[in-house]
There are 2 protein chains.
Amino acid sequence: MYTRGSGVSTGDLSRLTRFDSASRSVHFRDQPERARKGMTTQKRRRPGETRDMLMEAALTLVGRGRHFASLGIREVTRQAEVVPTSFYRHFRNMDDLGLTLVDELGVVLRGMMREARANVLHADKLMDESVAIFVNHVQANRNFFTFMAQGLAGESQAIQQGIRNEMQFFASELANDLRNLRLLTRLSDEDLDMACELVVRTVAFSLTDILSISPEDEAELARIRRRTTRFLRMIFIGADHWQSS
Amino acid sequence: MYTRGSGVSTGDLSRLTRFDSASRSVHFRDQPERARKGMTTQKRRRPGETRDMLMEAALTLVGRGRHFASLGIREVTRQAEVVPTSFYRHFRNMDDLGLTLVDELGVVLRGMMREARANVLHADKLMDESVAIFVNHVQANRNFFTFMAQGLAGESQAIQQGIRNEMQFFASELANDLRNLRLLTRLSDEDLDMACELVVRTVAFSLTDILSISPEDEAELARIRRRTTRFLRMIFIGADHWQSS
DNA sequence: GCCCCTTGTGTACATTCGTACACAATATGT
DNA sequence: ACATATTGTGTACGAATGTACACAAGGGGC
């Protein structure tokens, strides 16, 4: 495995030994409390628990203001109270972890849709209720949605594409629902899809509004809800008059 | 923080490259070429040139797929061919640099508005031309806009707020222009502002579309242009029928 | 000329990072 | 029950980072 020794041998070794002694004092910093004393018992966990803890830890850090792209493996494992090398038992690298998180987005969105379908009874309350449900879900999974907002622009290509796909899927489901509700029936399938995409984007953008305010600021939250609803109403009106003008 | 490009290798490769780079004496890695030999002459530069180079370097790295939040001072100075400590002559930290970049956004947007005002002659071509101008500007300043898209969600609060403000300003300018063009005259000032904000958000979102494709992919670019225009048209129709339904 | 102020450079160091490797504890299949 | 696969832990090391400090070069005032 050591392909050649030539690489290191040219370096100034006396300079490097300093790092040895320097890092020794700090050495147990990464190990979680439980491991430090004895390690006679290895903590029992249900399968996949550490894996979940790692994802959870990443989200916690993101929720604490850090950007996912700047998180390191050690940082995450520290937050998860797990030894750094344990990370590799579950993920190949941070991108891999991020991708796994994106997979969860589908679950969350599906849950949101289910709730919306169950609660939206008449069309006239459709928008207010849907927006309210969305806002509630964001509030309930703030860290998670923060990660999504971050990933929408500028994360690894794969993560970005994953989020994009979920949004696309959500939009097409929305189009289905509208069809079933006999709304915007004058639009062609293609135009309806477009309108729904615009709706989803608008709601997604309002995500950044919600996340930029304090979670307890009910007044500002109400303002965002109201504004988002008005955005949607305007889009629906536009869709309703589409191609007729 | 380190090698985080679409992670394929599990370690063997990065191990090799590490040894490879270690074969050169580690010591002068950070110093740019010019400084390595002699340093009898200090490079002459016009005032603020290094500062600009640092900002440029950050944008270059961002354009190369890195996320701004994950950039380090050393990394940027290396790209700028400047010694690390030089950074502090111009910025307190990376956030400070980012904030300075955001300031430039105002300039760019103003230039875009000027061009739009000069070129949009009749209202019927308004949207197509404006979208085209926007797309062109994005293409011409790809790295810069990538940074903006990244900063929109999840960067430091200050950066996020800065971008948000610029968008707000742009929206209000747009409202002004529409007033002057005698468009959407039936809307109250408040409603017109809202509509313009929706327009700006929609265009901003299309930024992520543009940035996610290859710059040379003219076909896909045309598709994006077309779709964005249709989004805007739908919004305008909605605004035009606002409160009348 | 001289002084000083801004900017660039070089060195140093403690800290953090990713990750290879070997071993221990536990879970799982038979 | 026992062998095997999976997961967690401890150790080690070299590369990289942020930043403090002291010094050097050139420019603008007097």
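Protein chains get the first letters and strands the later ones, always in sequence-line order, with residue 1 at the start of each.
For Y88(A), taking side-chain heavy atoms from C-beta onward, the closest of the listed nucleotides dA20(C), dT19(C), dT9(C) is dT19(C). Distances from the side chain of R74(B) to the nucleotides dC17(C), dT17(D), dG10(C) place dT17(D) closest. Counting only heavy atoms from C-beta on, I73(B) has its side chain closest to dG18(D) among dG18(D), dT9(C), dT19(C). In this structure, the nucleotide among dT17(D), dT11(C), dT19(C) sitting nearest to the side chain of T85(B) is dT11(C). Nearest to the side-chain atoms of R89(B) among the listed nucleotides dT9(D), dC17(C), dT9(C) stands dT9(C). In this structure, of dT7(C), dC21(C), dG8(D), it is dG8(D) that holds the atom nearest to the side chain of S86(A).
Taking the nucleotide of DNA chain C with the nearest heavy atom to each of H90(B) and E75(A), the more 5' of the two is matched to H90(B).
In this structure, CE of M94(A) is placed 12 Å from C1' of dG18(C), rounded to the nearest angstrom. A straight line from CZ of R78(A) to C1' of dT9(D) spans 17 Å, rounded to a whole angstrom. For E81(B) and dG8(C), the CD to P distance is 14 Å, given to the nearest whole Å. Distance, R51(A) CZ to dG8(D) C1': 16 Å, rounded to whole Å. Between the CZ atom of F91(A) and the C1' atom of dT19(C) there is a distance of 17 Å, given to the nearest Å. Rounded to an integer number of Å, the gap from CZ of R92(B) to P of dG18(D) is 16 Å. With rounding to whole Å, D95(B) atom CG is found 11 Å from dT19(D) atom P. Per the geometry, CD belonging to E49(B) stands 9 Å off P belonging to dG8(C), to the nearest Å.
Under the 4.5 Å side-chain criterion, counting only non-hydrogen atoms from C-beta, V200(A) is not in contact with Q168(A). Taking 4.5 Å as the limit, some side-chain heavy atom of H137(A) sits within range of a side-chain heavy atom of I133(A). Between F205(B) and T228(B), every side-chain heavy-atom pair lies at or beyond the 4.5 Å cut-off.
Using a 4.0 Å heavy-atom criterion, one finds that F87(B) contacts no nucleic acid atom at all.
Here the shortest heavy-atom pairing between P84(A) and T77(A) reads CA-OG1, 3.5 Å.
The distance from the OG atom of S130(B) to the CD atom of E115(B) is 10.0 Å, given to the nearest 0.5 Å.
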